[in-house]
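For reference, the structure discussed in these notes is given below.
For the numbers below, each heavy atom of this structure counts, side chains included, while hydrogens, waters and symmetry mates do not. Below, chain A is the first sequence line, B the second, and so on; all start at residue 1.
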Protein chains: 2
Amino acid sequence: MPAISRPTSKDVAQEAGVSQSTVSLVLGGKWSGRVSPATARGVRDAAERLGYRPNQAARNLRLGTTRTVLLMVPTLSAPFFGPVYTGAARVAARHGFGVVVSTWPDDAQGPADSPFGSAEAIDGVLASSMAVDALGRFPGTPAVMLDSGPDVRPGAPVPTVDFGVADGMRAIAGHLAGLGHRRFGHVAAAVDQWTFHARAEALARTVAALPGGVLTRDTCAIDVTSAKDAALRLLSAPDPPTALVCDDDLIAAGAYKAARALGLDVPADLSVTGFDDVLLATALEPELTTVRLPAEELGARGMTALLDLLAGRRPAARVLPGELIARASTAPPRAATKGV
Amino acid sequence: MPAISRPTSKDVAQEAGVSQSTVSLVLGGKWSGRVSPATARGVRDAAERLGYRPNQAARNLRLGTTRTVLLMVPTLSAPFFGPVYTGAARVAARHGFGVVVSTWPDDAQGPADSPFGSAEAIDGVLASSMAVDALGRFPGTPAVMLDSGPDVRPGAPVPTVDFGVADGMRAIAGHLAGLGHRRFGHVAAAVDQWTFHARAEALARTVAALPGGVLTRDTCAIDVTSAKDAALRLLSAPDPPTALVCDDDLIAAGAYKAARALGLDVPADLSVTGFDDVLLATALEPELTTVRLPAEELGARGMTALLDLLAGRRPAARVLPGELIARASTAPPRAATKGV
DNA sequence: CTGTTAGCGCATTCAC
DNA sequence: GTGAATGCGCTAACAG
């Protein structure tokens, strides 16, 4: 006795008194002029009556495609990835594709990490903010890397879409320098991702090129408490920085807290900048000067590239510029104001 | 001439000079005492050489299970769902299951909304923060509803896991009342979800039961600007509230902004409370009094319930208590302090 | 217009 | 110990 197995197209065919292929045609929506309206109607009714739902696994096997792509992100707890998904899903939907998300390395550091890799049947993968070798889980699967830096490996590189973080960081430093700042503190994220390395390097170069420019640096995890501590260390140095350049908006929130703990006013006594322009940036007081990264466009462009790849085209690498958003957390340093 | 089709187990068999079933046994890890070590080794080598990856669609079809469940959430842009995923993925991994995420209604409001519903082959669905009829997309699929309120439909209801939001709201109101507040303003989320209806009702009842209690109410979208406007309206009334109870931490951030715009100090002139206890709560200044909702545990319990369901057991509905986290955004009202 | 047939790639019986 | 045969549910040729 079979258990509560779901009805198959065969069952529908039997119920409707037709053959399986007719069912497939009707339910597949391609019966124009091939099946009589009456029969089609009967098939639909039978399917409805039985509560028939096609078996996706069988469909996928037969078709050789799932019209589904996987978006791999390092974590879902960072607000940054929501828009990336939205952008990707939007263009995917336009092409009849679906998007599912998964995290890697697994948010779930359970003892029994999935033994067989991903059980997903997918047509391609979009990997955001991770090293290229993350694709090792999906050898042979068409892939596009997002926010992971250019693929420098020889041979056939994976297409990439990145932000112009170096330019963004230069814009921040230029903005601050224009305000009169010379002593910068970099509150850097202690995260081994391309984007943070690129930010650090761009800032270092820019400050080095600035006459009288001085840069100190401390690192922290991307959370408020850790960021506050790092900012505190930077600010406690003799001859402390007049501007704190933070790798992330959340880190900037920690810098705010450090400033308050030391009785410093932002921006009068200390300028603070963030990066990413997430919701938090305008929730803070004063509102944060930061670099807006077009996260949704990253997802959209990435998906476009992946669909191109699936269609046999080779998309070119792309860089999406960031945009400096000057708000209320930056101002001329006290010394400079005094000096003028 | 076939294109770049991936190698199949048949190819591996040929390469290794054995039969398909031997390949399946070896790669499936169940060859103990059925295949000679030498043969097994040969198979592994051949698979490696060819870069063989089993076809998941075929595997899923044959096995009748995908060991994958879908987590459906309304949006990925809200910080709340990251932990839910983490909790769900953790217990899923422990049972050899994977979790993929999808949003619904689609974040991607593209013109061509996915015509065939989800193309995913899944064993079950975990639906968070949505109405029961969202499950209409997956009729017959085992499902558990999260943070969606009890399933009041007769018959075989869907198992649910919820937060004790009513108790949480009562705790907030009680805390504020204990501080001496009597005039409350509810900055409510204009979102048609069970959790917000429950919050509104609990607050209304509690204030109504409070001698001298007065409640005004305004609604907004869950974003800073909209929340600020709503708070401003509440605060501009004659005889304004001394405490603003916000439906969400982000809304509380908007309330902070409204207070500052009116020259009111939080908490001296105005107490503000949030809900959820997301990262933002401690990024704000002063840190926010709020109710912590165990989001990760919601995911974990939900997945446990779903796995029970898949195993043929019927999990009981569960309610996870919230916890009042009193921080620096609440204090006695001026009038009360003066009165003492 | 409709039914019959074949096979997608895999895991699993059952012979040998 | 290993190979041949079978069928999961579906779609797309091809007959009729």
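- A side-chain contact (heavy atoms from CB on, under 4.5 Å) with M145(A) is found for one member of V161(A), V125(A), T160(A) and no other, namely T160(A).
- Side chain of S148(B) to main chain of A131(B): no donor-acceptor pair is present (N/O by atom type, distance under 3.5 Å, no hydrogens or angles).
- Between the side chain of R67(B) and the backbone N or O of G96(B), at least one donor-acceptor pair lies under 3.5 Å.
- An OP1 or OP2 oxygen of dG1(D) is reached within less than 4.0 angstrom by no side-chain nitrogen or oxygen of T22(B).
- Of all nucleotides in DNA chain C having an atom under 4.0 Å from a heavy atom of chain A, the first and last in 5' to 3' order are dC1(C) to dG9(C).
- Within 6.0 Å of CD on E296(A) lie more than 12 heavy atoms contributed by other residues, nucleotides or ligands.
- The only option from V23(B), V43(B), V18(B), V26(B) that meets the side-chain contact (heavy atoms from CB on, under 4.5 Å) definition with V35(B) turns out to be V26(B).
- Between the side chain of D123(A) and the backbone N or O of T65(A) there is no donor-acceptor pair closer than 3.5 Å.
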At under 4.0 Å between heavy atoms, which parts of nucleotides 8-14 of chain D does protein reach? Answer with one letter per nucleotide, 5' to 3': B base, S sugar-phosphate only, - none.
-> BBBBB--

Given N60(B) and T66(B), is the side-chain hydrogen bond (donor to acceptor under 3.5 Å, both in side chains) satisfied, shown in steps?
-> CA-CA 5 Å; N60(B) 292 343; T66(B) 59; 5.5 Å; no

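- If you run salt bridge (charged side-chain N to carboxylate O under 4.0 Å, His left out) between E15(B) and each of K10(B), R44(B), R49(B), only R49(B) comes through.
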